[in-house]
Amino acid sequence: MANQMDNRPLSELVSGLVSDITGLFRKEITLAKTEASEKMSHALTGVEAFAAGLVFAIAAVGVLLAALVNGLAAFFVARGMTEPGADGLASVIVGVVVALLAWGMIHRGLSTLRGENLKLDRTSTSIRRDAQMIKERV
């Protein structure tokens with residue numbers, strides 16, 4: 001089979017090489033599109049978690065600051081604190097807890113969006129392999 005390729009005219013060899021390279025690039029572009037689509041889907045999952053964290057943070061601020069602050073303030077007043085002091089301490093406690101919960105959910109969403117999760121690993125590996133194959137043919 002090696003003799004057959006050696007006997008072909010140079011124009012036919014170059015034409016075949018150009019055709020192979022063109023087909024290879026088309027396949028690489030298709031692979032890159034597919035992989036990018038998968039990575040975007042993964043990134044959207046991170047965005048959804050981030051958005052859910054924000055929604056919960058807003059909801060927590062509204063609901064917990066209204067209900068828990070009043071409940072803690074009543075508890076502290078029952079323990080002998082003055083009402084203004086109890087309201088202030090209850091607000092600080094609830095605010096810190098809500099902030100920590102919101103931070104945890106937002107951190108989870110952002111960690112999903114890190115650059116390492118968006119790399120096109122299969123495409124870059126395939127392109128390196130194809131480049132090596134082209135070097136060997138030329």
Self-check item: Smallest separation among heavy atoms of Ala57 and Ala102, with atom names
Solution: CB-CB, 3.3 Å
Quiz item: Do Phe50 and Leu110 come close enough that some side-chain heavy atom pair is under 4.5 Å?
Solution: yes
Expected list for residues 74-87: side-chain donor-acceptor pairs under 3.5 angstrom, two or more places apart:
{"from": "Thr82", "atom 1": "OG1", "to": "Gly85", "atom 2": "N", "distance (Å)": "3.4"}

Exercise. Could you grab the distance from atom NE2 of His107 to atom OG1 of Thr112, nearest 0.5 Å is fine?
Key: 9.5 Å
Quiz item: About how many Å separate CE of Met40 and OG1 of Thr45, when rounded to the nearest 0.5 Å?
Solution: 11.0 Å
Quiz item: Applying the 4.5 Å side-chain criterion to the ILVMFWY set and letting contacts propagate, would Leu17 and Leu24 be lumped into a single cluster?
Solution: yes
Quiz item: Ile93 pairs by side chain to side chain contact (heavy atoms under 4.5 Å, CB included) with which of Leu72, Val98, Leu68?
Solution: Leu72
Quiz item: Between CD of Glu12 and OG of Ser19, what distance do you get to the nearest 0.5 Å?
Solution: 11.5 Å
Quiz item: Quick one: side-chain contact (heavy atoms from CB on, under 4.5 Å) partners of Glu48, sequence neighbours excluded?
Solution: none
Self-check item: Ser41 side chain vs Ser37 backbone, donor-acceptor pair below 3.5 Å
Solution: no
Practice problem: Specify the closest pair of heavy atoms between Gly109 and Ala49, including all atoms of both residues, with the distance to one decimal. | Solution: CA-CB, 4.1 Å
Exercise. Supply the atom-to-atom distance Arg129 CZ to Thr125 OG1, rounded to the nearest 0.5 angstrom.
Key: 7.0 Å
Self-check item: Sidechain-backbone polar pair: Thr30 side chain, Arg26 backbone, donor-acceptor under 3.5 Å
Solution: yes
